[in-house]
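Data first, discussion second: the structure below is written as structure tokens.
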Amino acid sequence: MRGRKLRGTRSDYLSDALAVLGGWTQDGVQLKRVLACDDSQHAALTERIKVAADTLRLRPSIRRMDGHTQILLGASDGETITDGEVTLAARIEDAYRTVVGPQ
């Protein structure tokens with residue numbers, strides 16, 4: 001029987017998650033991602049993000065800027081990035097691949 005792998009320090013966990021979620025960066029106590037998409041893709045992506053965010057009870061910041069969609073996860077005045085925010089980042093990556101297609 002295998003024992004459960006214990007998670008290292010919080011920063012190691014976040015570094016590992018960011019390595020797997022290529023394109024996401026840590027901006028203070030927030031996760032940030034900028035995605036290239038047109039207006040219709042932005043609308044579809046935003047709807048998918050809202051559904052996932054509601055499930056996780058999170059409120060991401062989503063903005064449209066110069067043909068790109070900027071997403072911020074985590075409160076700017078928060079203390080740490082939560083597991084839920086990392087989970088939402090992964091779901092956003094899946095939604096982006098679904099809406100935009102393989103890059």
Does any part of the side chain of Val29, heavy atoms only, come nearer than 4.5 Å to the side chain of Thr80, both counted from C-beta?
no
Under a 4.5 Å cut-off applied to non-hydrogen side-chain atoms, are Leu73 and Leu58 in contact?
no
Rounded to the nearest 0.5 Å, the CG atom of Leu88 sits from the CZ atom of Arg57 at a distance of 14.5 Å
Is it the case that one hydrophobic cluster holds both Leu72 and Ile81, taking links as side-chain heavy atoms less than 4.5 Å apart, direct or via other members?
no
Are any of the side-chain heavy atoms of Ile62 and His42 separated by less than 4.5 Å?
yes
Mind checking salt bridge (Lys or Arg N to Asp or Glu O under 4.0 Å) for Asp66 and listing every partner two or more places apart, or none if nothing turns up?
none
Mind checking what makes salt bridge (Lys or Arg N to Asp or Glu O under 4.0 Å) contact with Arg97, not counting sequence neighbours?
Asp94
Apply side-chain hydrogen bond (donor to acceptor under 3.5 Å, both in side chains) to Gln30 and list each qualifying residue two or more places apart in sequence or on a separate chain.
none
Taking Asp38 first and then Arg64, would you say they form a salt bridge - that is, a charged N and a carboxylate O separated by under 4.0 Å?
no
Taking Ala36's backbone N and O only, do any of them form a donor-acceptor pair with Tyr96's side chain (distance below 3.5 Å, no angle check)?
yes
Using modelled atom types and a 3.5 Å cut-off, is there a donor and acceptor pairing between side-chain atoms of Thr69 and backbone atoms of Met65?
no
Thr25 versus Leu31: any side-chain heavy-atom pair under 4.5 Å?
no
Check whether any side-chain heavy atom of Arg33 lies under 4.5 Å from a side-chain heavy atom of Gln70, and answer yes or no.
no
Is the backbone of Ala44 close enough, under 3.5 Å, to the side chain of Glu47 for a donor and an acceptor to pair up by distance?
no
Distance in Å, Cys37 SG paired with Leu45 CG, rounded so as to fall on 0.5 Å steps
6.0 Å
Distance, nearest 0.5 Å, that separates CG of Leu21 from CD of Glu93
6.0 Å
